[in-house]
Amino acid sequence: MSDVRKPFPFREFEPRWQQRWETEKTFRTPGPGDADFDPAKPKYYVLDMFPYPSGAGLHVGHPEGYTATDILGRFKRMNGFNVLHPMGYDSFGLPAEQYAIKTGQHPAITTAANIENFRRQLKALGFGYDWDREIATTDPEYVRWTQWIFLQIYNSYFCEETNKARPVSELEAKGWSREDIDSVRLAFVADTPVWWSPDLGTVLANEEVEEWKSKGHTVERRPLRQWMLRITKYAQRLIDELDTLDWPDGIKLLQKNWIGRSEGAEVDFTIGDKTVTVFTTRPDTLFGATYMVLAPEHPFVPEITSAEQKDAVEAYQKSCASKSDLDRGDLNKDKSGVFTGAYATNPVNGEQIPVWIADYVMMGYGTGAIMAVPAHDERDFEFANKFNLPIVQVVQPTNDAAWQGYTDPGTAVNSGFLDGLPTAEAKAKMIDWLESNNKGKRRIQYKLRDWLFSRQRYWGEPFPIVWKDGYHHAISESDLPLLAPPLDDYKPSGTPDPLLSKATEWVHLPDGSVRETNTMPQWAGSCWYYLRYCDPGNTSRFISNEAEAYWTSDKPGMVDLYVGGTEHAVLHLLYARFWHKVLFDLGHVTTPEPFQKLVNQGLILGEDGQKMSKSRGNVVNPDDVVREYGADALRLYEMFMGPLEQVKPWQMKGVEGVSRFLARVWRVAFEEAQDGSFTVSPKIQDVPCSNKELLRVVHETIKKVGEDIEKLSFNTAISQMMICTNAFTQAEVVPLKEFIQFLTVLNPFAPHLSEEIHARIGGGVMLSEQTWPSYDEAALVRSEIEFIIQVNGKLRDRLMLSKDADEEAAKAAAFESAKVKEHTDGKTLRKIIFVPGKLLNIVAG
RNA sequence: GGCGGCUUGGCGGAAUUGGUAGACGCGCUCGACUCAAAAUCGAGUUCUAACGAGUGUGGGUUCGAGUCCCACAGCCGCUACCA
């Protein structure tokens, strides 16, 4: 089937143009330091989320975003911008390592092969990337600067006064001790309970646990020494500075919810001689606290548990330890818990309340302890009912709702000095009371946790850290990049020791110090790659000041447009913002944010309307589409499917449709001879356009396509080009100048076909090097316009009238119309609505 | 449970500030070309025989609502006992 004659010879000319763009470096982007760099030219930085080069190759989701940015980039180029539109690979990652475990082959080999395949596929789609700027996060030179940035973070602390990162050398100068400095570094070591998978040989992030468990791997909870990044210090800035960005509201909200700011108070309860602090957002309900709950892992539990309850408590703790957070949540909505036998004293009224442990309280949030107010908290209410604990009303609902389980604001009752106050005021008054009596304080709590930054994998950046005498030390910058040595085998050892600990010679240094053997997570490389594109060959800095200054913008975010999938709404986009802010604080970059405008492309579903997946057998391979219909057809179809941001199903028939459109453009230009060769159509003539209607369509197309590209509304731009092509097809004469203007407009969408036609009809300089045509207002004007005539808002007739017909003229014409008369005869005229150039509505009754 | 998004012909989708609903494409029907078919070109295609009705459902505002307001339903994503 694949060898039938194609309506236009894309298999011949597409690779030829790709070759030419490559050898001539058509899309090379000059930057500061280059001989041909023009600093006066405005810049435009349009960025794709770079792919993980999997063994499966590109899927059709990749070219969706990539084509969109390519069209925009080519368009901006044609409009005089110096466009930075780069591509690279996020090439560290578990699959290459899993393959290494199976075969013993070094992951670098698999990775290189996958990158080569990705590059081939990307080039076959004709994207206008500057390939000289291509980067891979696994390149030693790239690793070097990832490690260098890590060291900047490691050598910084968060200064609360200035709300910024500062070098720890400032603390050294102030005489801080080594321990004190280590306790405030933005990169620090902590013993944290983590999810450890023995057969994968690594810890997993919370969000990875279910995925790997479902694949049959075992996962257990273990306290391990881990590197953490103190992202929580940036929580407030990460929320506040979202407002300066041109991102979809949904994504901003997602990030805000992820960071999860809540305002409330810490309240100190006492249990015997111990003080247990709880966090609450409802200090106004303190009088209604009838029991206390500690997380099962809370450190005080063993100490406060009574002898009678010891066995029950320990059994309960054990059963919780094996459950994942998800088990504790979704799968176990049913409340469970055990009484510890201890009682706590409520600081506001001295009441003794029982202390329980229950897995609905998490150690990781707040203080790991809560005061339970069952009357006004759903979870506490459920728990109290199950275990017959007292429920005391302290809020009077504002409506006639029942007070049991009423969680909305209301009026304080049974609450001593708070009685009669609305909730908001009661909260404030209680916090004042707690602070002045030294029983608690105002507290802002975030859901965001510090970032667990170490992995026990092999295929990641090693930490540029050595250990000596129990302290960690940065290695010298001149020793970067620090690369992992090849291993004899990549199988996990079955212990939580990182894989790199197998490389004993590498680990043990002559001076007696040992290397850190953890590696960085895959997120590290993607946190700053957009910076490296600006200055990829720099050997003395991660980005030169000149390149940074030129490619950055006067807006808070550096990159003008960033396009990628929603799956990165929180993690990648939050981590990259965090790193950028640290670099900003330290003076290495001049904008506070990395990405000014963000657009999420919608998922492409399979032909069956389901998510594409191997198991469903509905996956579309872009290589097949290119072979059958050509790269231009694939590009065009992906853009014609619907709005970029929308979820939409694939339809192979639709690819045929756009392919037919391209064939029609081809046939406007050429006639096919008997032998299958193409000759320029005699309809193409180098004459002024005398066809006013055709001229108008061409200029409307120039205008609309330009406007639509700016709006990223590619589907409507294509439909306009189809209209224009149909007009050319039907015209007796195709004026050369207008046809070339059309080809120029088509070029960003279908670069190969438009270049080929243009070259064959003798157009001269490559379209990719041409400027975007301007449209002529005069050509757009119609002398007569079809006016809509309504009676009582219903369409009754359409009349051709002069474009500037006034109300009187339109009215006169309307009352001539039989169709109008039919609906107005015998009625009283009440009102006339007239919209110039558009419509006349006769209100009669 | 919470948050977000979506709902327009047989299908993907168009519709400025509220102003011709269904652009463009797919599919389908008919015609031309052909011995024939494919391809191509041309015509038609929301439903209804018609009157009319029509943008998930019910209400509202307006001369006029796919678009604005209120209530409801259904799908899809993300998140999950966050105190």
Side-chain angles (χ1 to χ4, degrees), chain A residues 4-5 7 207 248-254 256-258 260-262 264 278-282 285 293 295 325-326 328-330 332-335 358-362 364-373 377-380 382-383 445-449 566-567 569-570 600 602-603 605 609 611 636-637 640-643 645-658 660-661 663-664 667 672 707 713 715-723 725-726 729-730 786-798 830-835 837-845:
Chain A
V4 295
R5 173 95 65 71
E207 58 274 14
D249 288 337
I251 301 294
K252 288 188 184 182
L253 201 65
L254 227 49
K256 275 185 194 162
N257 292 342
W258 186 267
R261 176 192 160 105
S262 48
V278 304
F279 173 70
T280 178
T281 55
R282 291 296 298 273
T285 61
V293 186
D325 285 355
L326 209 75
R328 279 171 71 154
D330 193 33
N332 187 21
K333 277 286 180 215
D334 213 21
K335 294 279 180 295
D359 66 2
Y360 82 94
V361 175
M362 309 288 164
Y365 182 75
T367 60
I370 63 157
M371 62 179 213
V373 184
D377 181 280
E378 238 177 274
R379 295 148 299 173
D380 299 345
E382 208 183 305
F383 192 83
Q445 176 69 38
Y446 300 92
K447 274 200 280 187
L448 185 70
R449 321 281 171 86
T566 347
E567 65 272 22
V570 278
N600 292 120
L603 199 65
L605 304 175
K611 220 172 185 163
L636 214 60
Y637 174 64
F640 188 58
M641 291 174 83
E645 303 189 62
Q646 193 170 301
V647 179
K648 42 208 179 281
W650 185 272
Q651 296 189 120
M652 214 42 107
K653 281 282 182 194
V655 186
E656 279 179 36
V658 293
R660 268 205 285 268
F661 157 64
R664 281 165 73 88
R667 278 195 302 271
E672 190 169 4
E707 288 168 355
S713 178
N715 54 333
T716 52
I718 293 166
S719 106
Q720 181 62 38
M721 291 189 285
M722 287 172 166
I723 292 170
T725 302
N726 293 343
T729 302
Q730 280 165 355
E786 190 178 66
F787 274 70
I788 298 312
I789 312 300
Q790 297 179 329
V791 178
N792 294 333
K794 290 203 166 100
L795 174 74
R796 294 306 178 191
D797 205 355
R798 305 150 201 255
R830 299 202 193 279
K831 200 172 175 184
I832 295 279
I833 310 283
F834 179 70
V835 183
K838 206 164 250 174
L839 144 156
L840 183 80
N841 185 13
I842 300 162
V843 186

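As a basis for the values below, the full set of heavy atoms in this structure was taken, side chains included, without hydrogen atoms, waters or symmetry mates.
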TODO: Determine whether A/V373 and A/M371 make a side-chain contact, defined as any pair of heavy atoms from C-beta on separated by less than 4.5 Å.
DONE: yes

TODO: Could you please name the option among B/G25, B/C3, B/A83 that lies closest to any side-chain atom of A/M722?
DONE: B/G25

Open item on the list: Counting only side-chain heavy atoms from C-beta out, which of B/U20, B/C63, B/A14 sits nearest to A/L795?
Closed with: B/U20

Task: Interatomic distance at C1', B/C11 relative to B/C28, whole Å - done: 11 Å

Open item on the list: Walk along nucleotides 38-46 of chain B from 5' to 3' and tag each nucleotide B, S or - by protein heavy-atom contact under 4.0 Å, base first, then sugar-phosphate.
Closed with: --SSS----

Open item on the list: Below the 4.0 Å mark, does B/G19 have OP1 or OP2 next to a side-chain nitrogen or oxygen of A/K838?
Closed with: no

TODO: Select one nucleotide: of B/A83, B/G25, B/G13, the one nearest the side-chain heavy atoms of A/P649.
DONE: B/G13

TODO: Return the 5'-most residue of the pair A/T281, A/L254 with respect to RNA chain B, ranking by each residue's nearest nucleotide.
DONE: A/L254

- [ ] Sticking with atom P, work out how far B/C26 lies from B/C72, rounded to a whole angstrom.
- [x] 42 Å

Open item on the list: Heavy atoms from C-beta onward define the side chain here; which of B/C63, B/C78, B/A83 lies closest to that of A/K611?
Closed with: B/C78

- [ ] State, with a plain yes or no, whether a side-chain heavy atom of A/K256 is found less than 4.5 Å away from one of A/W258.
- [x] no

Task: Out of B/G4, B/A83, B/A14, whichever nucleotide has its closest atom nearest the side chain of A/P643 - done: B/A14

Open item on the list: Quick check: do A/N841 and A/K831 have side-chain heavy atoms less than 4.5 Å from each other?
Closed with: no

Task: Closest-nucleotide 5' rank along RNA chain B - winner of A/N715 and A/G364 - done: A/N715

- [ ] Would you please confirm or rule out a distance under 4.0 Å between OP1 or OP2 of B/G13 and any side-chain N or O of A/Q646?
- [x] yes

TODO: Tell me, please, whether A/F787 has A/K838 positioned over its six-membered ring: NZ or CZ under 6.0 Å from the ring centre and within 45 degrees of its axis?
DONE: no

Task: A/L839 side chain, from C-beta outward: closest of B/G19, B/A23, B/C81 - done: B/G19

Open item on the list: Using 0.5 Å steps for rounding, measure from the OG1 atom of A/T729 to the CE atom of A/M722.
Closed with: 12.0 Å

Task: A/Y360 and A/E382, any side-chain heavy atoms less than 4.5 Å apart - done: no

- [ ] Determine yes or no for a side-chain-to-main-chain donor-acceptor pair under 3.5 angstrom, with A/D797 supplying the side chain and A/I788 the backbone.
- [x] no

Open item on the list: Using the P atom as the point on both nucleotides, what is the distance between B/C69 and B/G18, in whole Å?
Closed with: 11 Å

Task: Nearest-angstrom distance, C1' atom, B/U8 to B/U67 - done: 12 Å

Open item on the list: Once pairs are restricted to Watson-Crick or G-U wobble with both distances under 3.5 Å, how does RNA chain B read as a dot-bracket string, [ ] for crossings and | for other-strand pairs?
Closed with: (((((((..(((......[....)))((((((.......))))))((....))..(((((..]....))))))))))))....

Open item on the list: Could you tell me how far B/A53 sits from B/G66 if I compare only their P atoms? Round to whole Å.
Closed with: 13 Å

TODO: Report yes if a donor N or O on one partner sits less than 3.5 Å from an acceptor N or O on the other, where the partners are the side chain of A/K335 and the base of B/C81; otherwise report no.
DONE: yes

Task: Pairwise P distance, B/U45 and B/G58 [rounded to whole Å] - done: 29 Å

Task: A/R379 side-chain N/O to A/D377 backbone N/O, donor-acceptor pair under 3.5 Å - done: no

TODO: Could you tell me whether the phosphate oxygens of B/G12, OP1 or OP2, come under 4.0 Å of any side-chain nitrogen or oxygen in A/K648?
DONE: no

TODO: Please state whether the phosphate of B/A83, meaning OP1 or OP2, lies under 4.0 angstrom from any side-chain nitrogen or oxygen of A/S262.
DONE: yes

- [ ] Would you check if A/Y365 and A/Q445 make a side-chain contact, meaning some heavy-atom pair closer than 4.5 Å?
- [x] yes

- [ ] Please measure how far the C1' atom in B/G19 lies from the corresponding atom in B/C33, and state the result in whole Å.
- [x] 45 Å

Task: Glycosidic class, syn or anti, of B/G9 using a 90° window around 0 - done: syn

Task: Heavy-atom side-chain contact between A/I842 and A/R796 under 4.5 Å - done: no

